[in-house]
Amino acid sequence: MHGSEFGDDQLKRAMGERLRKRLEQAAEKQRPLRVYTGYDPSAPDLHLGHSITLRKLRQFQDLGHDVTVVVGTMTATIGDTSDRASGRPRKTPTETTAAAQSYGEQCFTILDREKTHVVANGDWLSGLTLTDALELASNFTVQQFLARDNYRLRIDRSEPIGLHEFFYALLQGFDAVHLEADVQLGATEQLFNILAGAKLQEAFGQPPCVALTFPILVGTNGVERMSKSRGNYVGLTEAPNEQFGKIMSVSDETMIQWLGLVTNWPHDDVVAFRYQVERGELHPMVAKKQLAHHLVSLYHGVRAADEAQAAFENTHQRGLVPDDVVQTSITFPLGLVDALVAIGAANSKSAARRLLSGGAVMVNDVKVDADDAVINSPSLIKVGPRRFFRIVGS
RNA sequence: GGGUCGGUGCCCGAGCGGCCAAUGGGAUCUGGCUGUAAACCAGACGGCUUUGCCUACGGGGGUUCAAAUCCCUCCCGGCCCA
């Protein structure tokens with residue numbers, strides 16, 4: 001199990017041991033392990049961060065185990081605060097059901113559609129009674145919750161902690177009970193929630209699940225964790241060119257971090273790859289292209305990856321115009337400022353003027369910075385380093 | 001319920017009668033440098049019919065020549081105590 005990590009070695013050993021036993025039992029009884037992970041539908045897209053656990057699920061799947069993806073339609077209405085030192089906006093049931101559907105679909109970029117159960121935890125959690133909830137809650141102490149770093153921090157800062165937040169771990173924990181899970185995967189900060197599940201399972205007379213946690217993926221800016229709301233993500237279903245471009249814009253250091261987490265490369269290959277880059281035997285840019293190509297081919301196939309790479313090299317390295325330039329019809333003559341708004345290059349005329357004065361606009365390969373310029377004929381407009389627009393008469 | 005602090009631009013936050021479309025940081029955009037990197041440097045960052053005007057500092061009302069800043073009121077929230 002390369003890539004899994006825990007807060008302390010003791011726990012890691014215990015979990016390793018537990019997993020080994022489970023696998024042995026499973027082999028004896030010829031019963032596949034029930035393995036699951038959950039994602040709250042807090043944003044419409046799954047991204048490379050999710051791919052870490054998804055790929056691990058896929059491995060289990062390929063070994064014949066029973067894989068379930070839980071979409072946290074109910075848990076999202078609480079909002080998990082495990083990864084942050086503040087509250088989180090709660091989702092309404094309407095928002096979550098919409099996202100739930102697309103999550104299921106996006107999972108299949110990695111998982112085998114035929115063999116995967118995609119379920120929504122609202123289906124069973126919403127049926128719990130208050131009596132049930134009290135029963136669940138009685139398995140934990142307030143101190144156990146307050147001992148968590150992020151709660152502690154908030155108390156020290158006199159920042160609010162919602163009472164409902166405590167239910168998050170309970171509900172996620174009950175998912176494990178409901179599924180009778182053998183193994184639960186998650187990012188490192190999920191350890192508390194996963195162990196809460198294991199504890200509840202024991203309370204319900206089930207063997208506690210094995211927790212497997214994985215490092216958090218930093219986003220494209222290389223600092224904060226990848227997330228949709230921070231806008232630093234690479235979506236699993238994004239267009240090949242977008243994926244390729246975003247991966248190439250990542251810093252060398254971030255690329256190195258990503259290698260072991262998001263690729264399908266064997267561990268030894270990753271080590272070797274890193275070593276080559278560090279020794280200067282492999283140029284970081286070439287390395288990054290290989291990474292980008294690999295990832296795009298995972299989600300869109302090799303051919304799309306080839307095309308994305310070619311498109312990238314053409315537009316960014318050779319300065320050529322891409323094939324898929326957006327074309328807009330206008331009526332000539334039209335002031336350049338208005339034209340920039342019409343083609344969507346700027347949100348307002350003021351913004352368009354700013355782009356012009358900043359020297360960002362090229363019309364037919366000529367830089368134009370006068371805001372009284374006028375477009376009289378079909379033109380190719382380049383805005384900034386990578387946005388192209390074609391204007392034709394209507 | 002009592003006390004107390006607060007609600008400012010995408011986010012965080014400073015301002016506490018005029019010099020405020022509002023300091024600073026983050027995010028974002030643009031330019032420079034580069035390997036389309038990152039880091040770094042520079043600029044921009046409400047809108048418009050752009051030497052000016054309009055809209056904005058929780059909502060409404062008021063004082064004033066002038067209010068994000070003072071007063072009244074309403075709404076919303078934090079913390080502490082009960």
Side-chain angles (χ1 to χ4, degrees), chain A residues 43 81 84-90 151-165 218-234 240-259 276-278 280-293 295-296 308-322 334-338 340-341 343-363 366-373 381-389:
Chain A
T81 50
R84 46 180 71 202
S86 63
R88 173 189 269 276
R90 302 172 56 197
Y151 288 136
R152 162 133 297 167
L153 191 68
R154 287 206 263 164
I155 289 172
D156 289 346
R157 291 184 186 161
S158 288
E159 282 168 13
I161 298 170
L163 191 56
H164 65 286
E165 290 181 41
V218 294
T220 49
N221 57 13
V223 188
E224 297 169 309
R225 84 177 292 170
M226 182 175 286
S227 84
K228 172 88 179 178
S229 57
R230 297 194 181 96
N232 62 357
Y233 73 103
V234 180
N241 288 357
E242 289 297 310
Q243 290 184 334
F244 203 97
K246 282 188 182 180
I247 294 161
M248 288 306 288
S249 75
V250 145
S251 76
D252 297 350
E253 293 73 20
T254 301
M255 166 185 71
I256 295 292
Q257 280 189 54
W258 281 16
L259 287 174
Q276 280 185 307
V277 174
E278 276 160 21
E281 290 163 13
L282 182 61
H283 191 286
M285 184 192 62
V286 177
K288 217 179 288 175
K289 277 188 192 174
Q290 288 179 17
L291 174 66
H293 186 277
L295 291 177
V296 174
Q309 177 155 352
F312 176 83
E313 286 168 351
N314 281 335
T315 49
H316 297 297
Q317 298 190 301
R318 299 201 192 94
L320 302 179
V321 178
L334 185 66
L336 183 51
V337 168
D338 291 305
L340 287 170
V341 175
I343 61 183
N347 289 327
S348 68
K349 293 186 186 182
S350 296
R353 288 198 180 88
R354 270 180 237 129
L355 287 170
L356 284 165
S357 66
V361 180
M362 304 260 278
V363 179
V366 181
K367 182 176 282 187
V368 179
D369 59 7
D371 61 6
D372 56 354
I381 296 182
K382 184 185 178 201
V383 180
R386 70 200 66 175
R387 298 158 71 203
F388 293 87
F389 305 88

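Every chain is numbered from 1 and lettered A, B, ... according to where its sequence line falls, protein lines coming before strand lines. Predicted, not measured: the structure shown is a model, and the values here were computed from it. Scope of the values below: all heavy atoms of this structure, side chains included, with no hydrogens, waters or symmetry mates.
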Taking the C1' atom of each, how far is B:G58 from B:A68, in whole Å?
-> 12 Å
Inter-nucleotide P distance (B:G46, B:G25), Å rounded = 15 Å
Quick note, A:L355 side chain, CB onward, closest among B:U30, B:C79, B:A38 is B:U30
Distance, rounded to the nearest Å, where A:D252 contributes CG and B:A39 contributes C1' | 10 Å
On a whole-Å scale, what distance lies between the C1' atoms belonging to B:U49 and B:C45?
-> 23 Å
Would you indicate which nucleotide in B:C48, B:U30, B:G78 comes nearest to any side-chain atom of A:P160?
-> B:G78
P gap between B:C74 and B:U23, integer Å | 34 Å
Taking atom C1' of B:A44 as reference, at what distance in whole Å does atom NZ of A:K349 sit?
-> 20 Å
Contacts of A:Q257 meeting side-chain hydrogen bond (donor to acceptor under 3.5 Å, both in side chains) (sequence neighbours excluded), chain-then-number -> none
Within the structure shown, what part of the strands sits under 4.0 Å from A:S249 by heavy-atom distance: base, sugar-phosphate, or nothing?
-> base
Checking A:K246 against A:Y233: charged group under 6.0 Å from the ring centre and within 45 degrees of the axis?
-> yes
A:E253 vs A:V286, nearer the 5' end of RNA chain B by closest nucleotide = A:V286
Who pairs with A:D369 by side-chain hydrogen bond (donor to acceptor under 3.5 Å, both in side chains), at least two apart in sequence or on another chain?
-> none
Whole-Å P distance, B:G24 and B:G43 | 11 Å
Please state how far atom CG in A:D369 lies from atom P in B:G31, giving the value in whole angstrom units.
-> 13 Å
Using the C1' atom as the reference point in each nucleotide, state the distance between B:A21 and B:U8 in Å, no decimals.
-> 12 Å
Round to the nearest Å and state the distance from A:I247 atom CD1 to B:G35 atom P.
-> 21 Å
CD1 of A:I256 to NZ of A:K288, rounded to nearest 0.5 Å, is 9.5 Å
To the nearest Å, how far apart are A:L356 CG and B:G31 P?
-> 12 Å
Rounded to whole angstroms, how far apart are NE2 on A:H316 and C1' on B:G35?
-> 13 Å
Find the distance between CG (A:N347) and CG (A:L340) and round it off to the nearest 0.5 Å.
-> 11.5 Å
Partner residues of A:T254 under the side-chain hydrogen bond (donor to acceptor under 3.5 Å, both in side chains) criterion, sequence neighbours left out = A:S251
Among B:G35, B:C79, B:U50, find the nucleotide with the atom closest to the side chain of A:M285.
-> B:G35
Donor-acceptor pair, A:R387 side chain versus A:K382 backbone, under 3.5 Å?
-> no
With C1' as the reference atom in both, quote the distance from B:A67 to B:C72 in angstrom, rounded to an integer.
-> 15 Å
Contacts of A:K288 and A:V341 projected onto RNA chain B by closest heavy atom; the upstream (5') one is A:K288
Phosphate-side-chain proximity, A:R353 and B:C45, N/O vs OP1/OP2 below 4.0 Å = no
Among the nucleotides B:G35, B:A44, B:U30, whichever has the atom closest to the side chain of A:R354 is B:A44
Base B:U50 to side chain A:S350, donor-acceptor N/O within 3.5 Å cut-off = yes
Using whole Å, report how far CG of A:D372 lies from P of B:U50.
-> 12 Å
By ring-ring contact (aromatic ring centres under 6.0 Å, His included), which residues pair with A:Y151, not counting sequence neighbours?
-> A:F166
Any residue meeting side chain to side chain contact (heavy atoms under 4.5 Å, CB included) with A:A370, in chain and number order, not counting sequence neighbours | A:D372
Starting from P on B:A38, measure out to NZ on A:K246 and report it in whole angstrom.
-> 14 Å
Write down the distance separating the C1' atoms in B:U28 and B:C81, rounded off to the nearest Å.
-> 44 Å
Quick one: the dot-bracket string of RNA chain B, using Watson-Crick and G-U wobble pairs with both distances under 3.5 Å, [ ] for crossing pairs and | for bases paired to another strand.
-> ((((((((.[[[..)..(.....]]].(((((.......))))).(((...)))...[[[[[..)....]]]]]))))))).
